[in-house]
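Values reported hereafter were calculated over all heavy atoms of this structure, with side chains retained and with hydrogens, waters and symmetry mates removed.
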Amino acid sequence: MRSLKGDKPFDYCTGIGYDVHPLVPGRKLVLGGVRIPYGRGLQGHSDADVLLHAIADALLGAAGKGDIGEHFPDTDKKYKGIASVVLLKHVQKLLEASGFQVINVDCVLLAEAPKISPYKAKMRANIAKALDMDVRRVNVKATTNEGLGFIGRKEGMAAYATVMLHRV
């Protein structure tokens, strides 16, 4: 990476991530690394944690390291059913080896149900631990889609994340 002057690397980089999964019966619901009691879970090759997937994509993008599908393809059997917090820890190690430190994470979960508020503190703690950072620099928000679209019909969930990295 080059600065605008063309001779020094950027000190700070930002990234944005997005993920979406359908809700299906017979799966556990895991969000932010927290098992949440609910009648359905998210469908996917891993545990389908949309929140952690969005964060991982934002981190990889900020560091110019591709995306989650490149690092953890759903065609690879070793990732079948894997906890997404394990994937996020792997992304952290990749960033560290590349000279990056995570400055902050801000994310939002889009879901009509269940209520997320009781689980946000544990989600923040899980994310901070996986990324080896202070929990005060991690923010998790949740909102509904006001009954609109596939999220509003409770057919799936989505998440967005933004991050800032510092090159050390």
**Prompt:** Could you state the interatomic distance from CG (D132) to CG (L95), rounded to the nearest 0.5 Å?
**Reply:** 11.5 Å

**Prompt:** What closest approach, in Å, do V163 and A62 show between heavy atoms, and which atom pair accounts for it?
**Reply:** CG2-CB, 4.0 Å

**Request:** Output all residues satisfying ring-ring contact (aromatic ring centres under 6.0 Å, His included) with Y38, sequence neighbours left out; order by chain, then residue number.
**Result:** none

**Asked** Looking at L51 and C107, what are the two nearest heavy atoms and their distance?
**Response** CD1-SG, 3.8 Å

**Prompt:** Can you tell me how far the CG atom of L52 sits from the OG atom of S84, to the nearest 0.5 Å?
**Reply:** 5.5 Å

**Prompt:** Would a hydrophobic clustering, with Ile, Leu, Val, Met, Phe, Trp and Tyr connected at side-chain separations under 4.5 Å, put V108 with I68?
**Reply:** no

**Request:** Would you check, one step at a time, whether the test side chain to side chain contact (heavy atoms under 4.5 Å, CB included) holds for F72 with I82?
**Result:** CA-CA 10 Å; F72 314 108; I82 195 168; over 6 Å; no

**Asked** Hey, what do you get for CZ (F150) to CG (L110), rounding to the nearest 0.5 Å?
**Response** 8.0 Å

**Message:** List the residues meeting ring-ring contact (aromatic ring centres under 6.0 Å, His included) with Y12, not counting sequence neighbours, and say none if there are none.
**Reply:** H166

**Fill in**
Apart from I16 itself, its cluster of hydrophobic side chains linked below 4.5 Å comprises none

**Request:** Would you check if Q43 and H21 make a side-chain contact, meaning some heavy-atom pair closer than 4.5 Å?
**Result:** no

**Message:** Quick one, L29 and M157 - any side-chain contact, counting heavy atoms below 4.5 Å?
**Reply:** yes

**Message:** Contact between K28 and D47 at the side-chain level, heavy atoms closer than 4.5 Å - yes or no?
**Reply:** no

**Item:** Side-chain donor/acceptor of R27 to backbone N/O of G44, under 3.5 Å
**Value:** yes

**Item:** Distance (rounded to the nearest 0.5 Å) between D134 CG and N104 CG
**Value:** 11.5 Å

**Request:** Go through L31 and V50 one step at a time and tell me if the side chain to side chain contact (heavy atoms under 4.5 Å, CB included) criterion holds.
**Result:** CA-CA 7 Å; L31 297 168; V50 292; 4.0 Å; yes

**Spacing of CD belonging to E112 relative to CZ belonging to R153, to within rounding of 0.5 Å** = 10.5 Å

**Request:** Could you tell me whether a side-chain N or O of D49 sits under 3.5 Å from a main-chain N or O of G33, the two making a donor and an acceptor?
**Result:** yes

**Request:** Consider only side-chain heavy atoms of I, L, V, M, F, W and Y, link residues closer than 4.5 Å, and tell whether L60 and Y79 are in one cluster.
**Result:** yes

**Request:** State, with a plain yes or no, whether a side-chain heavy atom of L88 is found less than 4.5 Å away from one of L59.
**Result:** yes

**Asked** What orientation do Y160 and Y18 show, parallel under 30°, tilted 30 to 60°, or perpendicular over 60°?
**Response** tilted

**Request:** Sequence neighbours left out, what passes side-chain contact (heavy atoms from CB on, under 4.5 Å) with D74? Give chain and number order.
**Result:** H45

**Message:** Tell me the closest heavy-atom pair linking K154 and A113, and the distance in Å.
**Reply:** CE-CB, 4.2 Å

**Item:** Heavy-atom closest contact (V91 atom, A56 atom, distance)
**Value:** CG2-CB, 4.1 Å

**H71 side-chain N/O to K65 backbone N/O, donor-acceptor pair under 3.5 Å** = yes

**Message:** With a 4.5 Å cut-off on side-chain heavy atoms, are C13 and F100 touching?
**Reply:** yes

**Message:** I want to check something: taking the side chain as every heavy atom from C-beta on, are I103 and L165 in contact at a cut-off of under 4.5 Å?
**Reply:** no

**Prompt:** Taking C-beta and beyond as the side chain, do V105 and R137 meet within less than 4.5 Å on heavy atoms?
**Reply:** no

**Message:** Checking E96 now: which residues fulfil salt bridge (charged side-chain N to carboxylate O under 4.0 Å, His left out) with it, not counting sequence neighbours?
**Reply:** none

**Message:** Under the rule for salt bridge (charged side-chain N to carboxylate O under 4.0 Å, His left out), what residues qualify as partners of D106, not counting sequence neighbours?
**Reply:** K141

**Request:** Please test L109 against V140 for side chain to side chain contact (heavy atoms under 4.5 Å, CB included), starting from the C-alpha separation and ending with a verdict.
**Result:** CA-CA 8 Å; L109 176 71; V140 174; 5.8 Å; no

**Message:** Could you go through V135 and K129, starting from their C-alpha distance and side-chain angles, then the distance that decides it, and tell me whether this counts as side chain to side chain contact (heavy atoms under 4.5 Å, CB included)?
**Reply:** CA-CA 8 Å; V135 70; K129 183 177 179 184; over 6 Å; no

**I36 and P114, any side-chain heavy atoms less than 4.5 Å apart** = yes

**Asked** Do L131 and V85 share a hydrophobic cluster, counting only Ile, Leu, Val, Met, Phe, Trp and Tyr and linking them when any side-chain heavy atoms are less than 4.5 Å apart?
**Response** yes

**Message:** Membership question, hydrophobic clusters at under 4.5 Å side-chain separation (ILVMFWY): are V86 and I127 in the same one?
**Reply:** yes

**Item:** Any donor-acceptor N/O pair, R124 side chain to V138 backbone, under 3.5 Å
**Value:** yes

**Prompt:** Roughly how far apart are Q92 CD and Q101 CD, rounded to 0.5 Å?
**Reply:** 9.0 Å

**Message:** Would the distance check show the side chain of N145 and the main-chain N or O of G147 forming a donor-acceptor pair, the cut-off being under 3.5 Å?
**Reply:** no

